[in-house]
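Below you'll find the structure, written out as structure tokens, and then a few comments.
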2 protein chains.
Amino acid sequence: MTVTIYDVAREAKVSMATVSRVLNGNPNVKPETRKKVKDVIDRLNYRPNAVARGLASKKTTTVGVIIPDISDLYYSALARGLEDVAEMYNYQIIITNTDQDSQKEENAFLNLVSKQVDGIIFLGGKLSGKVREDIERANIPVVICGSGQDAIEVPSVNINYYEAAKEIASKFIADDTKHLGFVTGGYSRYQENLMLEGMKAAFSDAGLNGDDYIMLEEARDYDSGRDIFPKLIDNNRDAVIVVSDEAAIGILHGGHDHGVAMPQRLQIVSCSNTRLVTMVRPKISSISVPLYDIGAVGMRLLTKLMNEEKVDSSVVELPYSVEYRTTTR
Amino acid sequence: MTVTIYDVAREAKVSMATVSRVLNGNPNVKPETRKKVKDVIDRLNYRPNAVARGLASKKTTTVGVIIPDISDLYYSALARGLEDVAEMYNYQIIITNTDQDSQKEENAFLNLVSKQVDGIIFLGGKLSGKVREDIERANIPVVICGSGQDAIEVPSVNINYYEAAKEIASKFIADDTKHLGFVTGGYSRYQENLMLEGMKAAFSDAGLNGDDYIMLEEARDYDSGRDIFPKLIDNNRDAVIVVSDEAAIGILHGGHDHGVAMPQRLQIVSCSNTRLVTMVRPKISSISVPLYDIGAVGMRLLTKLMNEEKVDSSVVELPYSVEYRTTTR
DNA sequence: CTGAAAGCGCTAACAC
DNA sequence: GTGTTAGCGCTTTCAG
């Protein structure tokens, strides 16, 4: 039925070994036999069975991607970057959504290992203790993209959210805009904590105690953003730093709906840098996180790891800037 | 190094066959031996090698997804629906982005077949003649989601865009809003043509010739939407039907930037129903395409096909409605 | 430069 | 119920 390497060998009057060699670009094949084999391959329309190949070679040219939610613009931008470089290096990608559920994360990881993927990329995610153990045990290259992880020896790529948050807070403080709200999204506790520390450092530099000025809230999507708007105003916030772009837009429209002038009354800076930030009016000021690049660089790092090339630094920090648009004064 | 079925068999003092049986839930195993085997599996922390399994059983529990761009909200919503039901049925998903490039589509398809996926889902895409031949030859279940395809015998799931477009146009005509713009996105020519036919039918029903009233434009993203706004006004459009949500928002903001009152001067209806439509002000009227469901139903259909269950109808049309929000009067 | 043969880790008849 | 035995389609020594 389906044509195998054996059929090709027979037709070309060579051994399977030789066919295998031309398939894999092994130079130890006389040009003429190579041509002969290639002709037969074309004629028979032969395509090697990647599964058999994987079993024999212990390499599947497949990498697993564990992602909270592919329909979240933040993650899908990362995923796109990652997939593009995977394609360059001839890797396929198996994607699993976890909704940040630890159990799902572990299942996904174990499934991927069963499938003998050559490497795994985590986007966001919590990496519970169990998963960490599994990583340890599986002995397979893993890299984390776009999500801080607490004291873990896994290679990762991200921007420095501590510095970014500190920079934003400092600017606000300098403008005498001190009553800040920090609206977390529950994406990565570790990272959100880092940002909070950054803001506190900014207050500290100004001789102030951040705890007296920073109010914490949580909103991840548009609706919850809109819902917390009144609370922000009631608590006299001058500005908010919002992790989730959708929540930021929700807050913005909360202002719109309540007839509150923005950014006069409340300034907003969001932190995810999805396409959304410039697709609303007023445009939202935000950290320019290089999402696509984080994914791309992460995958590049993984290819190196899978290839056992040495890597200069396994935790890479990409540059960012803060774009002040029209939700800030 | 890694523990295999053979190790489990030895430790449990049974044959590999028996281990395989408990692994696959084969009922022909005495409960006590089943327990014995399971204990050893746990103790050894054994996990079957899915690649070996795939080779032996000719089933990989993996399905391929060919998608224009995962970072496009329209497609990622479909993908999420699809992935959720894939997970329910214990399938993993290999995703490939094609940017609607025929060559990439064909490569992706062939790669997926090499990997012995059990089925393939196309989201959007052009399905050039070559790919159609490949589908024919590969003899593997394929379903197309969220994209019309011209005269092709491949199972698919979508909504009836012809009727939707006709309904919208009829409403406009009845309101004496006859100078329509149709802003295509280049997603699926076939489908966009279908919509155009639908609009023409609406004019025809009103005793009018659609060609005299409908102006065609193309814009796929936010910026091009904004860019074509002046042209729409210069050509005296009363309303536009826009395939891409992002383009629709672009047009909306084009109006904003030019100080043109919307929807008084120009009404907008968009057709992709991504989350974006309710995340701008004014909220955009749109066809309520059940994106998630299209993906979910498509994957469910594929599981049936892969399982060789019989299927009532291989082209399924999901219900939709038209939501008139605040970009229409 | 090429071929023979031994697996890779598992499933699936087929016996018993 | 359980074990034996062939493969699945390929890569990879090892000879020559």
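Residue numbers start from 1 in every chain, and the chains themselves are labelled A, B, ... in the order their sequence lines are given, proteins ahead of strands. We use all heavy atoms of the structure for the numbers below, so side chains are in, but hydrogens, waters and symmetry mates are not.
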Classify the side chain of B:Arg47 versus the base of C:dG9 as yes if they form a donor-acceptor pair under 3.5 Å and no if they do not. no
Side chain of B:Arg21, base of D:dG3: donor and acceptor closer than 3.5 Å? yes
[X] side chain to [Y] backbone, donor-acceptor under 3.5 Å:
X        : Y        : result
B:Asn24  : B:Ser20  : yes
B:Asp72  : B:Tyr74  : yes
B:Ser272 : B:Thr274 : no
A:Asp69  : A:Asp99  : no

Roughly how many Å is it from [atom1] in [X] to [atom2] in [N], rounded to a whole number?
X        : N      : atom1 : atom2 : result
B:Gln116 : D:dC10 : CD    : C1'   : 11 Å
B:Arg10  : C:dC10 : CZ    : P     : 13 Å
A:Met16  : C:dG3  : CE    : P     : 12 Å
A:Ile5   : D:dG7  : CD1   : P     : 18 Å
A:Asn24  : D:dC10 : CG    : C1'   : 9 Å
A:Leu55  : C:dC10 : CG    : P     : 9 Å
A:Lys58  : C:dC10 : NZ    : P     : 10 Å
A:Glu32  : C:dC1  : CD    : C1'   : 11 Å

Would you indicate which nucleotide in [options] comes nearest to any side-chain atom of [X]?
X       : options               : answer
A:Ala56 : D:dG7, C:dA4, D:dC10  : D:dC10
B:Thr18 : D:dG3, D:dC10, C:dC1  : D:dG3
B:Ser15 : D:dT12, D:dT4, C:dC10 : D:dT4
A:Asn28 : D:dC8, D:dG9, C:dC1   : C:dC1
B:Pro48 : D:dT2, C:dC10, D:dC10 : C:dC10

A:Ile70 side chain near A:Tyr75 side chain, heavy-atom distance below 4.5 Å: no
Taking only side-chain N and O atoms of [X], does any of them lie within less than 4.0 angstrom of OP1 or OP2 on [N]?
X       : N      : value
B:Tyr46 : C:dC10 : yes
A:Arg53 : D:dG9  : no
B:Thr33 : D:dT2  : yes

What's [X] touching, base or sugar-phosphate or nothing? Going by heavy atoms closer than 4.0 Å.
X       : result
B:Val14 : sugar-phosphate
A:Ser20 : base
A:Asn49 : sugar-phosphate

Upstream residue (5' side of DNA chain D) when B:Ala52 and B:Lys30 are each assigned their closest nucleotide: B:Lys30
Under 6.0 Å from the ring centre and within 45 degrees of the ring axis: does the NZ or CZ of A:Arg220 meet both conditions for the six-membered ring of A:Tyr187?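 That pair qualifies as a cation-pi contact.
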